[in-house]
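Below is one structure. I have some questions about it.
Just so we're on the same page: letters track the sequence lines, and every chain starts at 1.
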Number of protein chains: 2
Amino acid sequence: MADREGCRGLGGPRPGGRSARVQASVHRAARALLARMDRAEVTIPLIAQEAGVTPSTIYRRWGELNELLADVAVERLRPDMVPVETGSGRGDLLAWAEQYAEEMSSGLGREMIRDVLAAEGADGPRRCCGYARQQIDLIAGRAEARGEAFPDIDKVLDRVIAPILFRILFDEALATEQVAGLVDCAFAAVERRAA
Amino acid sequence: MADREGCRGLGGPRPGGRSARVQASVHRAARALLARMDRAEVTIPLIAQEAGVTPSTIYRRWGELNELLADVAVERLRPDMVPVETGSGRGDLLAWAEQYAEEMSSGLGREMIRDVLAAEGADGPRRCCGYARQQIDLIAGRAEARGEAFPDIDKVLDRVIAPILFRILFDEALATEQVAGLVDCAFAAVERRAA
DNA sequence: CCTCCAAACGCAAAGAATTTGCTTTTAGCG
DNA sequence: CGCTAAAAGCAAATTCTTTGCGTTTGGAGG
């Protein structure tokens, strides 16, 4: 797990080499420090020390703390399991959305999203969106295979994911029960069409 | 406009005095620099110089650049006019949402939102959400006065505002035409109820 | 297998930003 | 008209960031 490939998106220049080792070490150090202390206390020199690396290496590679933390956050945000199967597309979506909402509402989840959004040039936000899309796509594919109607991915994004994240970022995170209403809304169109 | 009250939320300790003057000056300086150069080039010492103030004043008051920029952004994000009247609640909402989407999609809009979200302790996001709520509330009030059905504020937030901001932050900002679909969705519930 | 090359790293000095202790100014109050 | 405490200025100390240069390292071609 420690010596995985770089995950810098566009294929690390030299996968498997020292470069990859350094990146892994820095990521690990960043995660460790974030777990051990307040996010506001974490600095690049600190991470460098924890990773056994010179600060200038980090500065040259990531430019600033925020880019690095965003990079780390995107990696942590990548889904690591397939959505559970409940028997219906609607059930699958509801279960997945509830878990998603819960994970993102946590203090750590919130922090990671904000780190990803704050990064200047990176395409972190798009990648996170892509992760969600992937998962929903998978659920939709299963539903279709069963011959069920399932809403458009974009409808799900707008009506389920968007409200969940909006509330977390701008207001109060919504309770688990509220997610069901969003899923209903996403299904409203296809059900009326089917009827 | 330059010597308004502080807007630091909890009533500046000494409104009208030097404190307020300094705050206004710093805000003005920050806006000027943001207009003149790249956001990444702006630093606290620079703002301090532009404002004719020592850096330590800014550090003590705002702590870090991001807090200050968030403060400035929240102030700029505050709506400065009442939503246009089109004759119907639906038309009002559509017109307002289209303008909102356009403003927020601009480079400056995006930047301001991200500044607000990135600020640690501040309640900036909530205040921005409150601004939108206020505007919608106003539209809803007018609709109600005309005896029209109008969706819940929270429905509008979830089905119109949330998707608009979600797309801007995580993906591609949606085109003006797409906003109409969101408004339709927000009205779907009340119309079915009315029918 | 060996040699060469360029990318990435380490090191250290230079430059900027941030923090901090202390003094001075200033608005509000008795 | 002083008094007081909050806020600002100033400057030294600290910490972070940038940068130039020499060294290491992984990969490509001979």
Quiz item: Does C:dC9 have OP1 or OP2 sitting under 4.0 Å from an N or O in the side chain of A:Thr57?
Solution: no
Exercise. Could you state the atom-to-atom distance from CD1 of B:Ile47 to C1' of C:dA17 in whole Å?
Key: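 That distance rounds to 13 Å.
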What nitrogen or oxygen pairs link the protein and nucleotides 23-25 of chain C at under 3.5 Å?
from, atom 1, to, atom 2, distance (Å)
C:dT25, O2, B:Arg18, NH2, 3.2

Quiz item: In terms of hydrophobic clustering (I, L, V, M, F, W, Y; side-chain heavy atoms under 4.5 Å; direct or indirect links), are A:Val160 and A:Tyr131 co-clustered?
Solution: yes
Practice problem: Using whole Å, report how far CD of A:Gln49 lies from C1' of C:dG10. | Solution: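 Between C1' of C:dG10 and CD of A:Gln49: 15 Å.
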Quiz item: Could a donor-acceptor pair under 3.5 angstrom be found where the side chain of A:Arg60 meets the base of C:dG10?
Solution: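 Answer is yes: a donor-acceptor pair is held.
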Quiz item: Hey, what's the ring geometry for B:His27 with B:Trp62, parallel, tilted or perpendicular (30° and 60° as the breaks)?
Solution: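 Tilted.
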Quiz item: Should we count CD of B:Glu120 as having more than 12 external heavy atoms under 6.0 Å?
Solution: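 It does: B:Glu120 CD has more than 12 such atoms within range.
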Quiz item: Rounded to the nearest 0.5 Å, how far does CG of B:Leu46 lie from CD of B:Glu41?
Solution: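 It is 9.0 Å, given to the nearest 0.5 Å.
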Quiz prompt | Presence of salt bridge, A:Arg90 and A:Asp184, under 4.0 angstrom | solution =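 Yes, A:Asp184 and A:Arg90 are salt-bridged.
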Self-check item: Passing option when A:Pro151 is tested against A:Ile136, A:Val156, A:Leu157 for side chain to side chain contact (heavy atoms under 4.5 Å, CB included)
Solution: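 Option passing the side chain to side chain contact (heavy atoms under 4.5 Å, CB included) with A:Pro151: A:Val156.
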Practice problem: Calculate, to the nearest 0.5 Å, the distance between atoms CZ and CD belonging to B:Arg31 and B:Glu75 respectively. | Solution: 6.0 Å
Can you pull every protein N or O that's under 3.5 Å from an N or O on nucleotides 14-18 of chain D?
from, atom 1, to, atom 2, distance (Å)
D:dC16, OP1, A:Thr43, OG1, 3.4
D:dT17, OP2, A:Tyr59, OH, 2.0
D:dT17, O5', A:Tyr59, OH, 2.8

Practice problem: Between C:dA27, D:dG9, D:dA7, spot the one nearest the side chain of B:Ser19, thanks. | Solution: D:dA7
Quiz item: Residues in side chain to side chain donor-acceptor pair (under 3.5 Å) with A:Thr86, at least two apart?
Solution: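 Applying side chain to side chain donor-acceptor pair (under 3.5 Å) to A:Thr86 gives A:Asp92.
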Quiz item: Hey, does the side-chain of A:Arg61 have a donor or acceptor N/O within less than 3.5 Å of a partner on the base of C:dG10?
Solution: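 No, the side chain and the base share no sub-3.5 Å donor-acceptor pair.
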Quiz item: Whole-Å distance between C:dG10 P and A:Arg21 CZ?
Solution: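 In whole Å, C:dG10 P and A:Arg21 CZ are 11 Å from each other.
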